[in-house]
Engineer: 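The structure under discussion is supplied below as structure tokens; questions concerning it will follow.
Lettering of chains follows the sequences in order, A, B, ..., and the numbering in each one begins at 1.
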2 protein chains.
Amino acid sequence: MVGGAVAASLAVSTVIFTLLEHEGAQRLHLPLVRRTREPFDGAEALPGGWIGGDEGLEEAARRTLAETTGLRPSYLEQLYTFGRPDRSPTGRVVSVIYSALVRSPEAARVAEVHNVRWAPVDEVRGLAFDHDEVVAYALWRLRAKVGYAQVAVHLLGETFSLGQLREVHEAVLGRPLDPANFRRRVTASGAVEATDEHLTGGRHRPPRLYRAVVPEGATGPFQTTAGPAA
Amino acid sequence: MVGGAVAASLAVSTVIFTLLEHEGAQRLHLPLVRRTREPFDGAEALPGGWIGGDEGLEEAARRTLAETTGLRPSYLEQLYTFGRPDRSPTGRVVSVIYSALVRSPEAARVAEVHNVRWAPVDEVRGLAFDHDEVVAYALWRLRAKVGYAQVAVHLLGETFSLGQLREVHEAVLGRPLDPANFRRRVTASGAVEATDEHLTGGRHRPPRLYRAVVPEGATGPFQTTAGPAA
DNA sequence: GCAAAAGTGTTCGAGCTACACCCATGT
DNA sequence: ACATGGGTGTAGCTCGAACACTTTTGC
């Protein structure tokens, strides 16, 4: 299976979401890096890089993410592969796009070190290549997924209150949710389990803390919500 | 963005589903081609080939599909990209996998011409590379998708009875469906529209023929059920 | 005591399932 | 006439939306 290969460059880029305080509310942000070479010199782009000769695709996503932003995501899944022949003006580039979530403290830790700007998702425009499109698609997928899969917990720490989890969902979906119904839906789904601890220091009644339950099928050949394990 | 590129070979393969008569019922089948060179010489594999230097990914999928099987799919979407460094014993190959549907007459037309075997989906085993995995994942996705998206119509002709459409769903899901409820669900969804014609020649009351309704958002930048347009 | 979030209960309606039943056709 | 798939009606269940209400804390 060697011989027919063609000279396309293989890249990987990642759309990373996190929650940051913005105008008094938790809102979805993503990190952008400014390009320092042609094409699109000076424009902002998604973090990424070339795929190494001896690494898997997800591995490449993690490596380039660490190199360009220093981030270690708590969730990472393949999103889509873009390969229009004209998407880069300097030659054929096929990009495997990953989608990731990082917890806020991790994002804050990195913000001061690297040349990274955290942009609110709805203010992302004018990115290099077709990255505007990529971001819109990643956001659409995240919003769809938060409805049926346990992804939101990856934006929070080990334990969390149901109010905090609801705020995450609200930030992702961009609309308020009924606290009572949200609580019932989440607890009934079995996706979280109660701990004995409560969150103190708040201004009101201390909420019980919960922990995410690791799904059953996660050890099988396929993660049925994210794609094949390969 | 030239210069860092790495020497990975870029391939495309397609999992194609169609409906064929098998043991008295319509069942899902897919075409396999027998390899005539190393690696996996003599084994069966998914149709595919190398991606050309000046074609899009979907374009490459259509071309290789035509070249190896002669098939023209009525539906085609990107499924997943596989890139484990060791998935081919002869060197690094990254494969973009597409999932396709073809109508039965098209499948029958091609079956006699090319070196293609149509295998019932649940008897597919021992394929080259990681193609067993790929098929299992494609099937899982198709079954999930048939529940919320209008994909089944691509296995039928221009017009069809609701009984035929139900048979398609039953073949995909592998279980019987209540005819009354299926009819109501489909008509209420607005995914099909009634024609004035009826299917004659059957042994019983002639069913009304329906036509698939092209979804609204299909002209926008994204097809919200399949992925970005790019 | 008061404000506000945590947490519980209840009602309502949409949508799905199961199943009874009528309709129209070929044999 | 009758068998069979096409097509309609309907009762019951589940689940989510809306919202009233009680509980527990800080101030």
Side-chain angles (χ1 to χ4, degrees), chain A residues 19 21 24-26 143-150 152-153 156-157 159-211, chain B residues 19 21 24-26 143-150 152-153 156-157 159-211:
Chain A
L19 286 180
E21 193 84 16
Q26 295 284 320
R143 284 184 171 145
K145 200 149 189 169
V146 91
Y148 65 88
Q150 232 26 48
V153 293
L156 293 169
T159 60
F160 45 85
S161 74
L162 294 186
Q164 291 174 324
L165 184 59
R166 176 173 51 79
E167 282 172 18
V168 173
H169 281 247
E170 289 176 338
V172 169
L173 298 175
R175 62 182 167 87
L177 298 171
D178 185 302
N181 296 329
F182 179 82
R183 146 182 303 276
R184 253 187 304 263
R185 200 160 47 79
V186 167
T187 53
S189 76
V192 297
E193 62 182 8
T195 70
D196 289 337
E197 287 155 73
H198 290 254
L199 180 61
T200 57
R203 278 189 298 275
H204 309 295
R205 172 175 172 177
R208 179 181 289 273
L209 288 174
Y210 290 77
R211 192 195 334 271
Chain B
L19 286 179
E21 193 85 17
Q26 295 284 319
R143 284 186 171 143
K145 200 150 190 168
V146 91
Y148 66 88
Q150 231 28 48
V153 294
L156 294 168
T159 60
F160 45 84
S161 73
L162 294 186
Q164 291 173 326
L165 184 59
R166 177 173 50 79
E167 282 171 19
V168 173
H169 281 248
E170 290 176 339
V172 170
L173 297 175
R175 62 182 167 86
L177 298 172
D178 185 302
N181 296 328
F182 179 82
R183 145 181 303 277
R184 254 187 303 262
R185 199 160 46 80
V186 167
T187 53
S189 77
V192 297
E193 63 182 9
T195 71
D196 290 337
E197 287 155 75
H198 290 255
L199 181 61
T200 56
R203 278 190 297 275
H204 309 294
R205 171 175 172 177
R208 179 181 290 272
L209 289 175
Y210 290 77
R211 191 194 335 269

Engineer: Measuring from the side chain of B:R183 (C-beta onward, heavy atoms only), which nucleotide among D:dG5, D:dG6, C:dA24 has the closest atom?
Structural biologist: D:dG6
Engineer: Any idea which heavy atoms bring B:L177 and B:H169 closest together, and the distance?
Structural biologist: CD1-CB, 3.6 Å
Engineer: What is the separation between atom CZ on A:F182 and atom C1' on D:dC19, rounded to the nearest whole Å?
Structural biologist: 18 Å
Engineer: Of the options C:dG7, D:dG9, D:dG6, whose atoms approach the side-chain atoms of B:P207 most closely?
Structural biologist: D:dG6
Engineer: Would the base of D:dT23 count as contacting A:R205 through its side chain, where contact means a donor and an acceptor less than 3.5 Å apart?
Structural biologist: yes
Engineer: So, do B:R175 and B:E170 sit near enough that their side-chain heavy atoms are less than 4.5 Å apart?
Structural biologist: no
Engineer: Round to the nearest Å and state the distance from A:L173 atom CG to D:dA17 atom P.
Structural biologist: 11 Å
Engineer: Toss me the dot-bracket line for DNA chain D: Watson-Crick and G-U wobble, both under 3.5 Å, 5' to 3', using | for pairs to another strand and [ ] for crossers.
Structural biologist: |||||||||||||||||||||||||||
Engineer: What distance separates B:N181 CG from B:R183 CZ, expressed to the nearest 0.5 Å?
Structural biologist: 11.5 Å
Engineer: So B:L199 and B:Q164, do their side chains get closer than 4.5 Å, heavy atoms only?
Structural biologist: yes
Engineer: Figure out the CG/C1' separation between A:L177 and D:dC19, and round it to whole Å.
Structural biologist: 16 Å
Engineer: Of all heavy-atom pairs between A:P206 and A:H198, which one has the smallest distance, and what is that distance?
Structural biologist: O-ND1, 3.4 Å
Engineer: Nearest 0.5 Å, please: how far is OH in A:Y210 from OG1 in A:T187?
Structural biologist: 6.5 Å
Engineer: Would you give the length of the straight line joining atom OG of B:S161 to atom CZ of B:R166, rounded to the nearest 0.5 angstrom?
Structural biologist: 8.5 Å
Engineer: Tell me which residues in residues 191-202 of chain B lie within less than 4.0 Å of DNA chain D, going by non-hydrogen atoms.
Structural biologist: none
Engineer: Report yes if a side-chain nitrogen or oxygen of A:R185 is closer than 4.0 Å to either non-bridging phosphate oxygen (OP1 or OP2) of D:dG16; otherwise report no.
Structural biologist: no
Engineer: Does B:R203 place a side-chain N or O at less than 4.0 Å from the phosphate oxygens OP1/OP2 of D:dG5?
Structural biologist: no
Engineer: For B:A188, report the nucleic acid contact type (base, sugar-phosphate, nothing); a contact means any heavy atom under 4.0 Å.
Structural biologist: nothing
Engineer: Measure from the side chain of B:R208, starting at C-beta and using heavy atoms only, and say which of D:dT25, D:dG7, C:dA6 lies closest.
Structural biologist: D:dG7
Engineer: Between B:L209 (CG) and D:dG6 (C1'), how many Å, whole number?
Structural biologist: 12 Å
Engineer: Under 4.0 angstrom, heavy atoms only, what part of the nucleic acid is B:R184 near: base, sugar-phosphate, or nothing?
Structural biologist: base
Engineer: Nearest nucleotide by nearest heavy atom, which residue falls closer to the 5' end of DNA chain D, B:N181 or B:G163?
Structural biologist: B:G163
Engineer: May I have the distance from B:D178 (atom CG) to D:dG9 (atom P), rounded to whole angstrom?
Structural biologist: 15 Å
Engineer: Between B:Y210 and A:R175, just flag the one whose closest nucleotide in DNA chain D comes earlier from the 5' side.
Structural biologist: B:Y210
Engineer: Which heavy-atom pair separates A:T195 from A:R208 by the least distance, and what is that distance?
Structural biologist: O-NH1, 2.6 Å
Engineer: Over all heavy atoms of both residues, which pair between A:G147 and A:R185 is shortest? Give the atoms and the distance, please.
Structural biologist: O-NH1, 4.5 Å
Engineer: Atom CG in B:L162, atom CZ in B:R184: separation rounded to 0.5 Å?
Structural biologist: 12.0 Å
